[in-house]
Amino acid sequence: MEDQANLLPLYEQVRRAILAGIETGQFAVGSFLPAEPELMSLYGVSRITLRRAIGELCADGRLQRQQGRGTVVMPGKVRQTLVSLSGFSETMDGLGRKAGHRILARVDDPDAPAIRERLKAKALLRFDRLLEDNGRPMTLETLWFDPSRFPEVIEPVAAGDSFFAALRDKAGITPAHAERQIDVGLALPAERDILAVTAAQPVYRIEKIVTDAEGRPLALSQLVTPSHLVTYTIKT
């Protein structure tokens, strides 16, 4: 590194230099970083220092180690507004990113009386989905809604389409309000496997209930998102 007088630890200087390289396009998103010897020579540091810098960026979600392949540059954090009524697909479209909904499980008439009561539902349907950002696992969602109220959305959602889009396009309903409860914790073993996070990486646990203009519940979602993938903002 050029500025040896910098008071920052050397690994932090390297971390910032690599991050600057990502932001300027020197290391393109989706590409692999150069091999360790090349990076060690570029920054004039030891393997230990380089690996710590890369480890910090992996923990932040800007890099991802892939066994046997190398270290790939990942997209930056997704910024989401907590007061927004946009669904996942709409949010990702607005950021120029491709959303995906992978169905992991479907449960018809699940035994969940508390959820049924909160939704004021005559019937209940649950979808477990993996929400993906450009093919990258981002959020585990458990989606609950009343299939008897808008049966026309079942088939699109089961096919991997956006629930919000199906609600709007098939049932003619647009959500008017949303309430979110946010907690931070650690992922369960099964969640870690799907989201590709470690036992030490924190996740957001969000429960969101959306309602129509009359205040009637439309759906309830329980979401688990690694905190290094998303930044939440609040607009007043």
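The closest side-chain heavy-atom distance from Leu130 to Leu195 is below 4.5 Å. Side-chain atoms of Leu167 and Phe150, non-hydrogen and from C-beta on, do get closer than 4.5 Å to each other. Residues Phe32 and Val73 are not in side-chain contact: their nearest non-hydrogen atoms beyond the backbone lie 4.5 Å or more apart. Leu10 is listed as a side-chain neighbour of Gln13, based on a closest heavy-atom distance under 4.5 Å. Proximity of Leu143 to Asp128: side-chain heavy atoms (C-beta onward) are nowhere separated by under 4.5 Å. For the pair Val197/Leu229, no side-chain contact is recorded, criterion being any heavy-atom separation below 4.5 Å from C-beta on. Contact annotation: the side chain of Glu207 never approaches that of Ile182 to less than 4.5 Å [non-hydrogen atoms, C-beta and beyond]. No side-chain heavy atom of Met40 sits less than 4.5 Å from a side-chain heavy atom of Thr49.
Taking NE2 from His101 and CZ from Phe163, the interatomic distance works out to 11.0 Å, rounded to the nearest 0.5 Å. Atoms NZ and CD, from Lys208 and Glu179 in turn, are 12.5 Å apart once rounded to the nearest 0.5 Å. Annotation: the span from Ile115 atom CD1 to Arg126 atom CZ amounts to 10.0 Å, rounded to 0.5 Å.
Connection of Leu220 to Phe127 is not established within any shared hydrophobic cluster, with ILVMFWY side chains joined at heavy-atom distances below 4.5 Å, either directly or through further cluster members. Leu223 and Leu119 fall into different hydrophobic clusters, where Ile, Leu, Val, Met, Phe, Trp and Tyr are joined by side-chain heavy atoms under 4.5 Å apart, directly or via other members. When hydrophobic clusters are built by joining Ile, Leu, Val, Met, Phe, Trp and Tyr residues whose side-chain heavy atoms come closer than 4.5 Å, directly or via intermediates, Val224 is not grouped with Leu131. Put simply, Ile209 and Leu124 are part of the same group of oily side chains (I, L, V, M, F, W, Y) that touch within less than 4.5 Å, one to the next. Linking Ile, Leu, Val, Met, Phe, Trp and Tyr whenever their side-chain heavy atoms come within less than 4.5 Å puts Val14 and Leu57 in one cluster.
Judged by distance alone, with hydrogens and angles left aside, the side-chain atoms of Thr139 form no donor-acceptor pair with the main-chain N or O of Glu141 at under 3.5 Å. Remark: side-chain polar atoms of Ser41 are not paired, donor with acceptor, to backbone N or O of Glu38 under 3.5 angstrom. Side-chain N or O atoms of Thr24 include one that pairs as donor or acceptor with a backbone N or O of Ala20 at under 3.5 Å. Side-chain N or O atoms of Arg192 include one that pairs as donor or acceptor with a backbone N or O of Ala187 at under 3.5 Å.
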Would Ile154 and Phe145 count as a side-chain contact (heavy atoms from CB on, under 4.5 Å) if you check the C-alpha gap in whole Å, the side-chain angles of each, and the deciding distance to 0.1 Å? CA-CA 10 Å; Ile154 299 173; Phe145 63 91; 4.2 Å; yes
Original post:
What's the verdict on side-chain contact (heavy atoms from CB on, under 4.5 Å) for Ser227 and Gln201, showing C-alpha distance, side-chain angles and the deciding distance?
Top reply: CA-CA 8 Å; Ser227 61; Gln201 287 180 289; over 6 Å; no
* CA sep, side-chain torsions, deciding dist, call: Ile54, Cys58, side-chain contact (heavy atoms from CB on, under 4.5 Å) -> CA-CA 6 Å; Ile54 289 176; Cys58 286; 4.0 Å; yes
- Given the rule in the side-chain contact (heavy atoms from CB on, under 4.5 Å) test, do Leu33 and Phe27 qualify, once you have shown the distances and angles that lead to the verdict? CA-CA 7 Å; Leu33 286 182; Phe27 306 125; 3.8 Å; yes
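Contact record, Pro226 with Val203: CA-CG1, 3.8 Å, taken as the closest heavy-atom pair. The two atoms that bring Leu104 and Ile194 nearest to each other are CD1-CD1, 4.2 Å, heavy atoms only. Considering all non-hydrogen atoms of both residues, Arg15 and Ala53 come closest at N-CB, 3.6 Å. Smallest separation of non-hydrogen atoms from Arg168 and Thr174: CG-OG1, 4.1 Å. Nearest approach of Ala112 to Trp144, heavy atoms of both residues: CB-CZ3, 3.6 Å. Scanning both residues, Arg62 and Ile22, for their nearest heavy atoms gives NH2-CG2, 3.3 Å.
Salt bridge Lys170/Glu155: absent, no basic N to carboxylate O contact under 4.0 Å. With respect to Glu36 and Arg47, a salt bridge is recorded, a charged nitrogen being found less than 4.0 Å from a carboxylate O. Ion pairing of Asp109 with Arg116 is present here, as a side-chain N (NZ or NE/NH1/NH2) and a carboxylate O approach within less than 4.0 Å. Ion pairing of Glu56 with Arg51 is absent here, as no side-chain N (NZ or NE/NH1/NH2) approaches a carboxylate O to less than 4.0 Å. Contact check on Arg102 versus Glu132 returns a salt bridge, with a Lys/Arg side-chain nitrogen under 4.0 Å from an Asp/Glu carboxylate oxygen. Using a 4.0 Å cut-off between charged nitrogen and carboxylate oxygen, Glu191 and Arg205 count as a salt-bridge pair.
In this structure, Arg65 places its CZ atom where more than 12 heavy-atom neighbours from other residues, nucleotides or ligands lie under 6.0 Å away. More than 12 heavy atoms of other residues, nucleotides or ligands shown are found within 6.0 angstrom of CG on Asp108. Taking a 6.0 Å sphere around CD of Glu152, one finds it holds more than 12 heavy atoms contributed by other residues, nucleotides or ligands.
In terms of the side-chain contact (heavy atoms from CB on, under 4.5 Å) criterion, residue partners of Arg149 (sequence neighbours excluded) are, by chain and number, Asp146, Asp212, Arg216, Leu218.
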